[in-house]
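Working notes, beginning with the structure itself.
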Amino acid sequence: ALVNRAVARCRRGDLDGSFKDFDAAIAANPNCGLAYQNRSMLLYERGELDRALLDCNEAVRCLPTADSYGQRAIVRQVLGDEQGALKDVEAALGLDPHHPGALVTRAAHAFRAGRFEEAEGDLDQAILADPTYLLAYQNRGNLRLTTRRPSGAMADFDRRLNDRSQAYG
């Protein structure tokens with residue numbers, strides 16, 4: 001119940017209340033992977049990346065799902081741990097080959113390495129897996145600009161701008 005209330009509070013914008021509920025859920029059950037995973041997202045959004053990574057580690061320990069590995073991959077990537085991020089991406093995709101977050105993270109790695117076709121393939125797969133995953137459109141638009149395909153980029157950016165219902169991305 002505490003995790004559900006924390007998520008509801010977060011959706012209403014009550015981040016302090018959300019943190020209190022996640023903290024209480026973890027105190028009541030130190031193996032509550034969902035509490036760690038959700039709290040890590042709030043910490044990530046606040047820029048507390050080291051604390052977010054600690055929560056991601058606990059989420060993976062308690063609840064080794066594609067979502068928990070995918071979230072940790074994002075945090076590791078932002079912290080500059082490319083190898084750790086890729087290991088988590090592969091773990092996430094091993095559990096769910098169509099996990100959009102893991103595909104987008106892997107695409108970002110391929111993009112930075114100059115493997116644009118590979119990156120676009122992963123972004124296309126992410127969009128097929130979840131057409132509402134707006135970060136995939138945004139990243140594919142950036143890739144298309146980089147590879148000098150502005151009309152495709154504009155279509156992706158329009159899709160991203162016309163649907164603001166997604167909190168992350």
Side-chain angles (χ1 to χ4, degrees), residues 1-81 84-85 87-109 122-123 125-142 156-169:
L2 286 168
V3 171
N4 291 335
R5 187 171 70 184
V7 170
R9 283 181 166 183
C10 182
R11 288 184 179 150
R12 285 195 333 249
D14 178 10
L15 299 184
D16 290 336
S18 185
F19 272 109
K20 287 178 186 174
D21 281 346
F22 284 133
D23 292 345
I26 290 166
N29 178 4
N31 292 312
C32 184
L34 282 176
Y36 287 112
Q37 184 178 337
N38 283 291
R39 189 174 71 177
S40 76
M41 288 188 267
L42 292 178
L43 291 165
Y44 175 86
E45 289 297 315
R46 287 190 356 184
E48 295 183 42
L49 300 178
D50 291 329
R51 285 186 61 205
L53 181 59
L54 292 174
D55 273 7
C56 287
N57 290 339
E58 289 302 307
V60 166
R61 180 186 63 79
C62 300
L63 188 68
T65 64
D67 285 341
S68 59
Y69 280 108
Q71 178 67 20
R72 188 169 71 178
I74 291 167
V75 174
R76 283 180 161 176
Q77 188 174 51
V78 172
L79 285 169
D81 180 7
K87 285 179 186 175
D88 283 339
V89 163
E90 294 309 318
L93 293 173
L95 294 167
D96 177 1
H98 306 290
H99 191 274
L103 290 165
V104 168
T105 303
R106 187 170 70 182
H109 178 76
D122 279 344
L123 293 168
Q125 284 183 34
I127 289 167
L128 284 173
D130 183 355
T132 67
Y133 199 77
L134 299 178
L135 183 59
Y137 291 98
Q138 179 178 321
N139 288 1
R140 191 174 69 179
N142 288 331
D156 283 339
F157 293 144
D158 286 344
R159 171 73 167 114
R160 173 66 176 100
L161 290 170
N162 289 330
D163 186 347
R164 297 182 182 269
S165 64
Q166 190 168 318
Y168 297 98

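The basis for the numbers below is simple: all heavy atoms, side chains too, and nothing from hydrogens, waters or symmetry mates.
Separating the CD1 atom in I127 from the CG atom in L134 is a distance of 9.5 Å, to the nearest 0.5 Å. Going from atom NZ of K20 over to atom CG of L2 covers 13.5 Å, rounded to the nearest 0.5 Å. In this structure, Q125 CD and L128 CG are separated by 7.5 Å, a value rounded to the nearest 0.5 Å. Distance check: I26 CD1 to D55 CG gives 5.5 Å after rounding to the nearest 0.5 Å. Of the inter-residue distances, the one linking D67 atom CG with L34 atom CG reads 9.0 Å to the nearest 0.5 angstrom. Atom-to-atom distance recorded for L135:CG and D130:CG is 11.5 Å, nearest 0.5 angstrom.
Taking the side chain to side chain donor-acceptor pair (under 3.5 Å) definition, one finds that N142 meets it with nothing, sequence neighbours left out. Residues satisfying the side chain to side chain donor-acceptor pair (under 3.5 Å) criterion with D156, sequence neighbours excluded, are R140, R144. By the side chain to side chain contact (heavy atoms under 4.5 Å, CB included) test, D23 pairs with R39, sequence neighbours left out. Applying the side chain to side chain donor-acceptor pair (under 3.5 Å) rule to T65 yields the partners S68; only residues at least two apart in sequence or on another chain are considered. Residues forming a side chain to side chain contact (heavy atoms under 4.5 Å, CB included) with L79 (at least two apart in sequence, or on another chain): L49, D50, L53, V75. Here N4 pairs with nothing under the side chain to side chain contact (heavy atoms under 4.5 Å, CB included) rule; sequence neighbours left out. Scored by the side chain to side chain donor-acceptor pair (under 3.5 Å) test, D122 finds R106 as partners (sequence neighbours excluded). Applying the side chain to side chain contact (heavy atoms under 4.5 Å, CB included) rule to A126 yields the partners P100, L103, V104, A136; only residues at least two apart in sequence or on another chain are considered.
Across all their heavy atoms, L95 and A66 have their closest contact at CD1-N, 3.6 Å. For the residue pair Q71 and C56, the shortest heavy atom distance occurs at CG-SG, 3.7 Å. Considering all non-hydrogen atoms of both residues, H109 and Q77 come closest at N-NE2, 3.8 Å. The minimum heavy-atom distance linking A92 with G70 is given by the pair CB-N, 4.0 Å.
Within the structure, no pair that satisfies the salt bridge (Lys or Arg N to Asp or Glu O under 4.0 Å) test touches residues 92-101, not counting sequence neighbours.
Side-chain contact between F19 and L43 is present, with at least one heavy-atom pair separated by less than 4.5 Å. Side-chain contact between H99 and Y69 is absent, with no heavy atoms from C-beta onward closer than 4.5 Å.
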Side chain to side chain contact (heavy atoms under 4.5 Å, CB included) between D158 and Y137, intermediate numbers included: CA-CA 9 Å; D158 286 344; Y137 291 98; over 6 Å; no
F22 and L42: CA distance, side-chain angles, deciding distance, side chain to side chain contact (heavy atoms under 4.5 Å, CB included) verdict: CA-CA 10 Å; F22 284 133; L42 292 178; 3.7 Å; yes
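Ion pairing between a basic and an acidic side chain is recognised when a charged N comes within 4.0 Å of a carboxylate O; E58 and R61 show such pairing.
When atom types are taken as modelled, the side chain of R72 and the backbone of A59 share no donor-acceptor pair closer than 3.5 angstrom. Proximity of a side-chain donor or acceptor of S40 to a complementary backbone N or O of Q37 within less than 3.5 Å is detected. Remark: the backbone N or O of P30 is paired with a side-chain donor or acceptor of Y36 at under 3.5 angstrom.
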Sequence neighbours left out, cut at 3.5 Å: what donor-acceptor pairs do the side chains of residues 5-14 make with other protein atoms?
| from | atom 1 | to | atom 2 | distance (Å) |
| --- | --- | --- | --- | --- |
| R5 | NE | D21 | OD1 | 3.4 |
| R5 | NE | D21 | OD2 | 2.7 |
| R5 | NH2 | D21 | OD1 | 2.8 |
| R9 | NH1 | G17 | O | 3.1 |
| R9 | NH1 | D21 | OD2 | 3.4 |
| D14 | OD1 | G17 | N | 2.9 |

